[in-house]
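In what follows, chains are A, B, ... by sequence order, proteins preceding strands, each numbered from 1. Computed over heavy atoms, backbone and side chain alike; hydrogens, waters and symmetry mates excluded.
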Amino acid sequence: MNWEPLLLTLKLAGVTTLLLLVLSIPLALWLATTKSRLKPVIETLVSMPLVLPPTVLGFYFLVAFSPNNAFGTWLNEWLGLKLVFSFSGLVVASIIYSLPFMVHPIQAGLSGIAPSLKEAAYVMGKSKFTTLIKVLLPTIRPSLLTGIVLAFAHTVGEFGVVLMIGGNIPGKTKVASIAIYDEVESLNYAGANFYSTVLFLVTFCILLAVYLINGGYLKRFWK
Amino acid sequence: MIALTVQKKLNGPNGDMLLDLDIQIKKGQLVTLYGASGAGKTSTLRILSGLLQPEKGTIQVNGAIWFDAVTKMNRTPQTRNIGYVFQDYALFPHMTVEENLSFGLSKDGDKKEVMELLEMMELVDLKDRKPVTLSGGQKQRVALARALVQKPTILLLDEPLSALDMKIRLKLQDYILKVHKVYALTTILISHDIGEIYKLSDQVFVLEDGKVIKNGTPTEVFLNDKISGKFKFKGEVLKIEKDEVVYLVTVLIQNEVVKVIAQESEIKQLQIGDRVLVASKAFNPVIYKIE
């Protein structure tokens, strides 16, 4: 059996989730606290991937990142980034595609914290950054976990965006969901079944772990 | 010495309101802010601690300027060194009692001080517990202890006892007095309970619609009516009914419902919902102890 597409999927989901976490915390913090008039616009943009067909996103990425136009050329020449039909392109597209799944839980968690918690840390002499790291984020641990898992699982399951911008290059952009499609196309149902079973089990275990942890079942078990 | 001369527009429950304060508090005093909800008491504490920025005025504490609207001087809450006990306690839920306290230590702070405070507030047995598992009175003691870790110059207590029952309340009042005696901290307390104010404070500021309408010692403020053999209670008319030749007026006084006999001439000007004063010449009042 060829494990390469599955490993590629896990690598893509891992890298995407990590970068998303770093990106989403400041964004969610801003959304949770701002009184700016821009907020609804930014919120809409963050949520767009929820409703837009993945192919639409993929199509525009393909156009934007293409070396045939200005933005793609600029990326290529200045940053050395070739985002079409490459792994880094998949990562960028996945980050945008899974953004709401990371931002929404964190934003909801941060909005749910009583302001006095933050203020208590301030009057105790703690900076905004220390307060974020030591008070706010630990308080919303369940939300962080939910965000991480949803973003990871959503990236594992993406298909349309990957197909549009990544294509089907073995070892580079051929992730498991594409491989399944590929196997079905060539009527190799056993191969498709192999990838599908593994994906099914992996996602089931991840989600089960989240519900166990957030529901406090594990803690009760260990006691 | 605290000199607070500030103005700030607030969005109160009854629309916009101007908080307009000119308050002086001597060093080491325990003063109380008293007044109805929405009178600006919490906002006053927030302005003093730097969590809320006034539009005009100055804040001076022990000779140092903390805020000046003209020169745009504004010390951040982090640099004001204020101990603040929030109404909802604001304990950090993911930390144990001890960790909540240690969080307030500065980098070169001594862990021993945390232990001393835990002992003083009788929290040693609870030091490894998370806030979720504590009762209201215990949370309150943790919040008070935590506010003292940083050795504040001013201690602010925002209705610290309002959510607690009477017995625990009395005990916690003793803790506050103890803290005030030991540290001689300038302390500002928000309270609705006149008994509590008598017991704890040197001075009272009565706030109404963002302004101080009265200030002085508790006796001066609350006993300014000439003392006589009269009992007087303010209440609200709940019901007026006719009974034979007289009228019976049902009045709610605090949490007690009482019936008062009235003549027809007195009834004429009364309506349900009116605020009234029920007074009685008390010839020989009897005092019973309530357990």
Is there a side-chain contact between A/M124 and B/R146, using heavy atoms and a 4.5 Å cut-off?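 Sidechains of B/R146 and A/M124: in contact.
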May I ask you to test the B/P93-A/L117 pair for a side-chain heavy-atom distance under 4.5 Å?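 Heavy-atom side-chain distance check passes, below 4.5 Å.
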Nearest heavy-atom neighbours spanning [X] and [Y]:
{"X": "B/M95", "Y": "A/K134", "value": "CE-O, 3.8 Å"}
{"X": "A/S116", "Y": "B/F86", "value": "CB-CD2, 3.6 Å"}
{"X": "A/S127", "Y": "B/Q78", "value": "CA-NE2, 3.9 Å"}
{"X": "B/H94", "Y": "A/V135", "value": "CE1-O, 3.6 Å"}

Give a yes or no on whether [X] atom [atom1] has more than 12 heavy-atom contacts from other residues, nucleotides or ligands under 6.0 Å away.
{"X": "A/F87", "atom1": "CZ", "result": "yes"}
{"X": "B/M120", "atom1": "CE", "result": "yes"}
{"X": "A/F159", "atom1": "CZ", "result": "yes"}
{"X": "B/K26", "atom1": "NZ", "result": "no"}
{"X": "B/K178", "atom1": "NZ", "result": "yes"}

Toward chain A, the part of [X] with a non-hydrogen atom under 4.5 Å:
{"X": "B/F92", "result": "both"}
{"X": "B/L156", "result": "neither"}
{"X": "B/D158", "result": "neither"}

What part of A/A114 gets within 4.5 angstrom of chain B, counting heavy atoms only: side chain, backbone, both, or neither?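 The side chain, not the backbone.
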Between chain A and each of B/A147, B/G83, B/P77, count heavy-atom pairs under 4.5 Å; write down the option with the most.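 With the most close heavy-atom pairs to chain A, the winner is B/P77.
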Counting only N and O atoms by type, is there a donor-acceptor contact under 3.5 Å from the side chain of A/K126 to the main-chain atoms of B/F103?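 Confirmed, A/K126 side chain pairs with B/F103 backbone.
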